[in-house]
Peer 1: 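Provided herewith is a single structure, encoded as structure tokens, for subsequent inquiry.
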Amino acid sequence: MEAAPAPTDTSPIAVASADTPSIGLQTIAMAYSDYTMKSFEEARSFVEKLSGVRSLDKALEIQSEFARQAYETYAADSRKIRELYSDLVMKAFTPSKSPPAAR
């Protein structure tokens, strides 16, 4: 019994989407990794600062600063990751410039 021939769909959309995702997904994974590292460093710094505090006022000030900084980091990195996903989808569904191959 012979094996069925492998599909040879070389339409421009198939070619474009086959090449694009690995690069886009690696970029998105790196953006998540960067965000995780930033968040971890901010939390570590917060704990170090908080451990040396002797007054409630100073502790509340440090906590407020940490919350503000954590929110800003989250908002900026979420926007960046959202744009990366948007670019990935746009590239995946954009036909390539080369004409379809003859069959």
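FYI, side chains are in, hydrogens and waters are out, and symmetry mates aren't considered; it's all heavy atoms of this structure. Quantities reported herein were computed from a predicted structural model and do not represent experimental measurements.
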Peer 1: Looking only at heavy atoms, which two atoms of S51 and R54 are closest? And how far apart?
Peer 2: O-NH1, 4.5 Å
Peer 1: Answer with yes or no whether the hydrophobic clustering places L88 together with Y32; edges join I, L, V, M, F, W, Y residues whose side-chain heavy atoms lie under 4.5 Å apart.
Peer 2: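 L88 clusters together with Y32.
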Peer 1: Would you please test E61 and D57 for side-chain contact (heavy atoms from CB on, under 4.5 Å) and show each step?
Peer 2: CA-CA 6 Å; E61 180 183 326; D57 290 342; over 6 Å; no
Peer 1: I'd like to know if E65 pairs up with R68 as an ion pair, taking the criterion as any Lys NZ or Arg NE/NH1/NH2 lying under 4.0 Å from an Asp or Glu carboxylate oxygen.
Peer 2: yes
Peer 1: Roughly how far, to the nearest 0.5 Å, is CZ of F46 from CD of Q69?
Peer 2: 11.0 Å
Peer 1: Would you call R82 and R79 a side-chain contact if the rule is heavy atoms closer than 4.5 Å?
Peer 2: yes
Peer 1: So, the side chain of S45 versus the backbone of E41: is there a donor-acceptor pair under 3.5 Å, distance only?
Peer 2: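 Here the side-chain-to-backbone pair does not exist.
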Peer 1: Identify whether V47 and F66 are in the same connected component of the hydrophobic contact network (ILVMFWY, side-chain heavy atoms under 4.5 Å).
Peer 2: yes
Peer 1: Where is the tightest heavy-atom contact between E42 and A70, given as atom of each residue plus distance?
Peer 2: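 Scanning both residues completely, I find the closest heavy atoms to be OE1-CA, 3.6 Å.
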Peer 1: NZ/K91 to OG/S86 distance, rounded to the nearest 0.5 angstrom?
Peer 2: 10.5 Å
Peer 1: In this structure, would L25 and I81 fall into the same cluster of hydrophobic residues linked by side-chain contacts under 4.5 Å?
Peer 2: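 Yes: a chain of side-chain contacts under 4.5 Å links L25 to I81.
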Peer 1: Give, for atom NZ of K49 and atom CZ of R44, the distance between the pair rounded to the nearest 0.5 Å.
Peer 2: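 Going from NZ on K49 over to CZ on R44, the span is 10.5 Å.
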Peer 1: State the CG-CD1 distance between D87 and I28, to the nearest 0.5 angstrom.
Peer 2: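 Here the interatomic distance stands at 8.5 Å.
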Peer 1: Might you point out which heavy atoms bring V53 and A59 nearest each other, and give the distance in Å?
Peer 2: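 In this case the closest contact between V53 and A59 is CG1-N, 3.5 Å.
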